[in-house]
**Student:** 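Attaching a single structure in structure tokens format; questions to follow.
Per chain, numbering begins at 1; letters A, B, ... match sequence-line order.
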Amino acid sequence: ASGDLTIGYIADFPNASVFAIAEDQKLWDAEGLKPDLKVFTNGPIQIQAMGAGSLNFGTIGPGALWLPASGRAKVIGVNDIGFSDRIIAQPEIGSIADLKGKKIGVPQGTSGDMILRLGLAKAGLKLSDVQIVPMDPSTVVAAFSSKQIDAAGLWYPLIDVIKARVPNLKELIGNKDFYPDTSFINTYVARNEIVAQDPKLVTSFIRVMKKAMDYRVANIDRSVELTAKFLNAPLQATSNVAHSRKMLTSKELEGFAKDGTVDKWLTQFNTMFKEFGMLPNPLPPAQYNANDLFIQA
Amino acid sequence: MSSTDSAAPPRPGGFLTGRLLGSGSAMLGINIVAVVLGIAIWAAITSLGVVGLPGPMEVLRKGVELAGSALLLSDALASLGRVLSGFLLGIAVAIPVGFLMGWYRIARGLIEPYVQFFRTIPPLAIIPLAIVTMGIGETPKIFVIFLAAFLTSVVATYQGVITVDRTLVNAARVLGAKDMTIFRRVVIPASTPFIMVGVRIGLGSSWATVVAAELIAAQSGLGFRMQQAQLYYDLPTIFVSLIAIGILGLLMDRIIIAIDRALTSWQEKA
Amino acid sequence: MSSTDSAAPPRPGGFLTGRLLGSGSAMLGINIVAVVLGIAIWAAITSLGVVGLPGPMEVLRKGVELAGSALLLSDALASLGRVLSGFLLGIAVAIPVGFLMGWYRIARGLIEPYVQFFRTIPPLAIIPLAIVTMGIGETPKIFVIFLAAFLTSVVATYQGVITVDRTLVNAARVLGAKDMTIFRRVVIPASTPFIMVGVRIGLGSSWATVVAAELIAAQSGLGFRMQQAQLYYDLPTIFVSLIAIGILGLLMDRIIIAIDRALTSWQEKA
Amino acid sequence: MIPKISFQDVSRSFELAGQKSFLALDKLSLDIEDGEFVTVVGPSGCGKSTAMNIAAGLITPSSGSVLVDGAEVTGPGPERGVIFQQYALFPWLTVRQNVEFGLQITGMPRAKRREIADRFIQLVGLGDFANSLPKTLSGGMKQRCAIARAYAVNPKILLMDEPFGALDALTRVQLQDQLLQTWSQERRTVMFITHDVDEAVYLASRVIVMASRPGRLHRIIPVDLPYPRTEEMRLSPEFAALRNEVWRSVYHPAEH
Amino acid sequence: MIPKISFQDVSRSFELAGQKSFLALDKLSLDIEDGEFVTVVGPSGCGKSTAMNIAAGLITPSSGSVLVDGAEVTGPGPERGVIFQQYALFPWLTVRQNVEFGLQITGMPRAKRREIADRFIQLVGLGDFANSLPKTLSGGMKQRCAIARAYAVNPKILLMDEPFGALDALTRVQLQDQLLQTWSQERRTVMFITHDVDEAVYLASRVIVMASRPGRLHRIIPVDLPYPRTEEMRLSPEFAALRNEVWRSVYHPAEH
Ligand SMILES: Nc1ncnc2c1ncn2[C@@H]1O[C@H](COP(=O)(O)OP(=O)(O)OP(=O)(O)O)[C@@H](O)[C@H]1O
Ligand SMILES: Nc1ncnc2c1ncn2[C@@H]1O[C@H](COP(=O)(O)OP(=O)(O)OP(=O)(O)O)[C@@H](O)[C@H]1O
Ligand SMILES: [Mg+2]
Ligand SMILES: [Mg+2]
């Protein structure tokens with residue numbers, strides 16, 4: 001039944017572009033599906049809505065991956081890989097090592113948080129070597145712009161906003177410095193029950209997503225336009241985001257699924273969650289990643 | 001000022017009336033001066049460019065743009081619908097509950113700890129619970145707003161009830177009034193000034209909560225639009241949403257004040 | 001009930017007193033019954049396992065654990081300090097401003113639109129602005145709480161001022177009182193019941209806002225702890241924080257009620 | 001025959017702030033027969049209002065009890081109409097709505113209610129102010145509105161606390177005669193507090209004299225003038241003698 | 001000599017709800033000399049309180065003006081003490097604090113204030129209730145507290161609105177004599193509203209008779225009895241004649 005195809009997404013390019021494309025290209029019709037799209041502001045709320053039975057599918061960023069890893073939902077495929085997260089610092093700071101003792105603003109539990117932790121670890125710093133100041137994303141923008149903090153773990157397009165006021169800010173490290181070992185994957189997720197009870201619906205969903213992703217790789221500018229229109233979002237900012245990401249074709253993704261790369265990425269995240277103290281006992285990826293459904297679709 | 005109010009003797013040169021500037025239109029004039037002043041200050045601050053805030057012109061441009069695309073209207077209507085439902089429901093429940101609390105000590109003892117407890121809990125913390133129990137439709141959104149309106153109004157109503165002049169209650173009782181009649185015909189009118197405080201504060205809370213409520217999978221609404229804008233740190237849109245919320249809240253407040261005037265014109269106000 | 005209250009003639013078998021269960025200890029008893037009842041319902045719901053919430057025992061265990069590590073105490077103290085400062089400051093400013101608004105029409109016309117406007121704006125939206133202007137220390141946190149307390153109390157105070165019985169103001173004036181004396185010695189005591197409504201609602205808002213305030217770069221505090229826990233979906237810790245906030249709020253409310261009783265024992269309460 | 005109202009050893013004390021308790025009424029015992037008109041006089045603060053409020057069921061006695069028709073009073077009831085010393089009008093209702101209040105409670109239809117209310121509003125001379133709010137009335141007009149409100153519900157017992165105190169002399173005399181007339185026609189029982197010795201004698205079949213510190217019954221002075229009372233009677237030597245007797249027993253209680 | 005209080009063509013109308021405006025006071029002109037004691041009588045609702053509140057500076061006239069010592073009244077002042085018909089005690093203050101209120105405003109030191117307050121509290125017989133709150137007082141006690149409060153500030157002009165209406169006869173006589181004595185000793189100007197014709201004649205050098213609909217000055221009746229007034233005078237035929245004259249001009253204005 002089409003009522004079962006309730007889909008959550010976040011109103012930005014990586015999460016929404018596939019739905020904008022699917023709608024424009026009438027990809028749902030091909031599967032005989034009528035999606036019921038619902039916009040959310042973040043991943044965890046989508047997982048909560050799944051827990052309440054109000055949502056069957058969704059897209060989440062890496063920051064919310066610990067939720068499937070703790071059994072609250074299933075990963076049913078990779079969407080794209082983010083390259084928009086950075087550790088940024090005020091102009092006078094030269095390197096990550098200089099961050100010792102400095103105030104660093106970070107929205108906790110987000111990909112900004114992860115890049116910060118990874119970056120510090122790479123430079124041999126412990127969290128306790130710096131002053132972590134938790135704040136929400138727009139507060140980071142305000143605080144960094146007004147020079148209340150020395151550095152931040154944040155992402156584009158918010159960094160663009162800061163750049164307008166602090167043009168010579170330093171980007172100390174970014175996702176590409178950890179790729180491909182650690183990939184900030186954006187994933188499709190589905191409610192546990194729907195995966196168990198209606199795998200056909202899940203594969204239909206994945207098929208549409210695969211077609212959309214292939215279209216996206218082939219027609220990136222058109223995709224940006226479609227998405228900007230779909231979201232009522234500014235075109236330039238959307239385009240900037242789009243170009244800061246690594247988008248893969250369905251063939252490539254199927255390959256990563258088959259050869260265990262996806263599970264490896266997920267394991268990588270599990271390790272991080274354990275280190276961060278967020279999740280003491282994450283499930284092994286095999287238990288929450290519906291790899292075969294993705295391959296099969 | 002209501003028309004009945006003008007029947008009150010003006011008192012010369014002193015308390016209040018002596019300082020009245022006359023009619024309601026004078027009041028409106030001062031309001032406008034205040035708003036113009038506020039905008040001027042805002043323009044001055046932002047034109048200095050220090051704080052990185054958008055200026056009034058920029059926000060106005062964005063507002064016109066959003067209004068042109070009919071987005072602003074649909075957002076405003078969506079939020080207004082939620083706020084009205086949640087707010088009216090909150091008031092409608094708060095008044096009888098406030099009375100029960102003021103009237104029956106057992107009710108007070110049972111309800112008060114919870115009212116007080118839930119008032120200290122931010123709406124954001126209620127949201128997961130609301131989603132779990134009510135899903136992601138309109139219900140949990142309206143519920144969060146309802147809760148905000150209810151929890152503030154109930155305290156005011158309750159205080160109003162226990163402040164009612166005892167001699168009026170006695171006068172009703174010797175005329176044969178039973179509890180229900182005393183409720184309806186003595187306690188409610190006598191505590192109207194208090195209830196109105198609750199209603200006005202409740203209205204503010206309702207609007208302040210709509211942003212949190214629209215975190216729950218809203219597809220439109222001023223709070224929703226604001227959150228979307230936050231993804232891009234689109235300050236002009238954030239300001240347009242905030243100002244739209246403020247203006248709608250202000251208009252509703254004016255309506256409440258007008259109702260209040262009509263309901264309490266019997267009072268000998270200072 | 002205060003000792004002075006007992007001087008009021010008990011009225012037989014009817015309104016209020018007839019239903020009083022006696023002393024304050026009886027009231028406490030009902031409160032305890034209410035709390036026990038609430039916990040029982042909570043335990044019953046969670047033991048069915050449907051909603052996925054932690055049960056009272058689990059939360060208690062977590063509470064003991066947090067209390068043991070002294071985290072709970074330091075968090076509670078941090079939040080309490082912020083709430084107390086912001087709240088007291090808010091009340092202290094709201095009372096004179098409310099009076100100005102009630103007294104001088106110009107003040108009302110200038111201030112009221114802004115009070116009403118800012119009341120509809122969620123604290124979360126104020127935070128970035130507070131950071132820009134006040135940095136990330138304690139100041140912006142206290143400011144946000146201050147704003148919440150101020151905006152609710154000022155409405156109540158203002159309503160109280162305009163509701164003051166005119167004959168009492170006149171009585172003071174014919175005895176030679178000027179505006180300041182009337183303020184202090186007539187309007188303040190006469191509007192105490194209203195001010196108390198504002199204070200009580202303001203207290204709730206202050207606590208509800210502390211979570212938002214502790215979004216601003218807090219290093220400890222119950223709201224901060226709650227957000228940390230939210231990242232990990234650590235429901236027991238969230239509940240411990242919420243309950244700690246609720247209990248502290250409740251205790252402060254009891255203190256306010258006691259003060260209110262002392263201040264308004266002159267009233268002939270129903 | 002059972003008395004209509006029977007005070008039996010009624011005492012009432014109040015806690016004074018900080019001090020020991022204050023005895024406002026000390027063992028009042030008094031029977032008022034069915035259809036009797038008694039007036040109560042006594043110095044300010046001697047417990048007159050307290051006694052009346054106990055009979056009205058609005059104050060509980062500290063000890064003793066009040067029986068009405070042989071049954072203990074446990075609360076107010078519409079068969080006992082009360083006119084309060086402080087009027088107690090509902091400020092949000094007009095004069096007419098105030099007067100209709102008690103009638104509405106009985107479920108009387110609108111038209112009937114209005115007819116009765118208007119009759120009593122006319123009776124107290126407020127015809128032109130039926131739609132006025134209490135805040136726009138003069139002191140005497142407020143008091144008359146309270147009188148009309150109590151009369152309208154047609155109670156078997158009337159408890160009146162200085163009901164004519166704020167009225168000018170002419171209105172007062174008119175309302176006195178009016179009250180006496182209704183009382184004799186419809187066999188009401190009236191307990192009427194007044195400071196006007198003349199009024200006390202003119203209306204009552206017995207004048208209850210109370211004394212203060214503690215508030216208590218001092219003397220009962222029977223008024224042996226026939227009903228209906230007339231203006232001439234006021235000028236009679238018997239009346240003057242009774243007036244003097246009441247006056248002296250109020251103000252020189254030691255001698256009487 | 002300039003009159004102490006001069007009403008000059010004072011009118012005051014009120015809007016009645018929905019209706020056309022209501023003329024409560026119509027062109028009142030009246031001069032009260034320095035040191036004079038006038039009483040004001042008239043039917044309920046004839047504008048007595050309105051006139052007094054205008055003199056007090058609490059109501060503005062719709063037209064005309066009131067001069068005090070030749071200067072137009074624009075607001076209240078402590079030189080004009082007012083006793084309100086509805087007492088208007090501060091409910092959150094004790095009897096003593098109420099009485100001290102006006103003294104405190106003048107900045108009088110605590111001990112002095114207390115001494116004066118206690119003197120007036122004794123004068124009105126509330127000695128035992130100095131620490132009581134108004135809600136614990138009887139009607140007459142509240143009125144006496146209001147009297148003490150107005151006396152305490154020692155105003156040159158006293159505007160008294162039925163000040164003794166809720167008092168028992170003895171207390172009333174005592175306070176009348178007390179007031180007359182202070183008035184003559186300290187040369188006060190007093191405007192005193194009463195419904196008690198006896199009281200009006202006993203106290204006044206002129207009785208102002210007002211009429212209603214519209215509220216207006218009807219007649220001024222000079223009282224040619226010498227001061228100090230005594231209890232015997234009350235029984236004199238001249239007194240009786242004056243009383244009758246006042247009565248008749250209040251209640252049969254057409255004939256007088
Ligand atoms: N609620 C109360 N608390 C304390 N004392 C009270 C209260 N009510 C009345 N009293 C005291 O009881 C006494 C009797 O009061 P009551 O009102 O019965 O007097 P009263 O005879 O009606 O006097 P008045 O003629 O002045 O109205 C007074 O001394 C009064 O102070
Ligand atoms: N605020 C007001 N609004 C409308 N009408 C008023 C107001 N105050 C007084 N009045 C009217 O003015 C008239 C005169 O009132 P006022 O109080 O002066 O009478 P009064 O002579 O003092 O009567 P009483 O002896 O009953 O106290 C009354 O008819 C009253 O209804
Ligand atoms: Mg009394
Ligand atoms: Mg009057």
**Student:** Restricting to non-hydrogen atoms, name the atom on C:Ala34 and the atom on B:Gly109 that form the minimum distance, rounded to 0.1 Å.
**Tutor:** CB-O, 3.7 Å

**Student:** If I measure from the heavy atoms of chain B, does C:Leu222 come under 4.5 Å with its side chain, its backbone, both, or neither?
**Tutor:** neither

**Student:** Identify which part of B:Leu251 has an atom lying under 4.5 Å from any heavy atom of chain C, answering side chain, backbone, both or neither.
**Tutor:** neither

**Student:** When rounded to the nearest 0.5 angstrom, what distance separates CD1 in C:Ile195 from CD in B:Gln159?
**Tutor:** 11.5 Å

**Student:** Working to the nearest 0.5 angstrom, can you tell me the gap between B:Ile30 CD1 and C:Tyr104 OH?
**Tutor:** 14.0 Å

**Student:** Once rounded to the nearest 0.5 Å, what's the spacing between atom CD of B:Gln116 and atom CE of C:Met252?
**Tutor:** 10.0 Å

**Student:** Any side-chain heavy atom of B:Ile257 within less than 4.5 Å of one from C:Glu112?
**Tutor:** yes

**Student:** Using 0.5 Å steps for rounding, measure from the CZ atom of C:Arg119 to the CH2 atom of B:Trp207.
**Tutor:** 13.5 Å

**Student:** Do you know the tightest heavy-atom contact between C:Pro122 and B:Val211?
**Tutor:** CG-CG2, 3.5 Å

**Student:** Measuring from B:Ile243:CD1 to C:Ile121:CD1, what's the distance to the nearest 0.5 Å?
**Tutor:** 8.0 Å

**Student:** How far apart are the closest heavy atoms of B:Thr152 and C:Ile201, and which atoms are they?
**Tutor:** O-CD1, 3.3 Å

**Student:** With only heavy atoms counted, which part of B:Ile238 is less than 4.5 Å from chain C, the side chain, the backbone, both or neither?
**Tutor:** neither

**Student:** Do B:Thr120 and C:Ser206 touch side chain to side chain, with heavy atoms closer than 4.5 Å?
**Tutor:** no

**Student:** Return the CZ to CD1 distance between C:Phe117 and B:Ile247, rounded to the nearest 0.5 Å.
**Tutor:** 7.0 Å

**Student:** With chain B, which of C:Ala148, C:Pro113, C:Ser205 has the greatest number of heavy-atom pairs at distances under 4.5 Å?
**Tutor:** C:Pro113

**Student:** I need the residue from B:Gly249, B:Ala156, B:Pro193 with the largest number of non-hydrogen atom pairs under 4.5 Å to chain C.
**Tutor:** B:Pro193

**Student:** Under 4.5 Å from any heavy atom of chain B, what part of C:Phe118 do you find: side chain, backbone, both or neither?
**Tutor:** neither

**Student:** Can you tell which of C:Leu168, C:Val33, C:Leu110, C:Leu248 has the highest number of heavy-atom pairs within less than 4.5 Å of chain B?
**Tutor:** C:Leu110

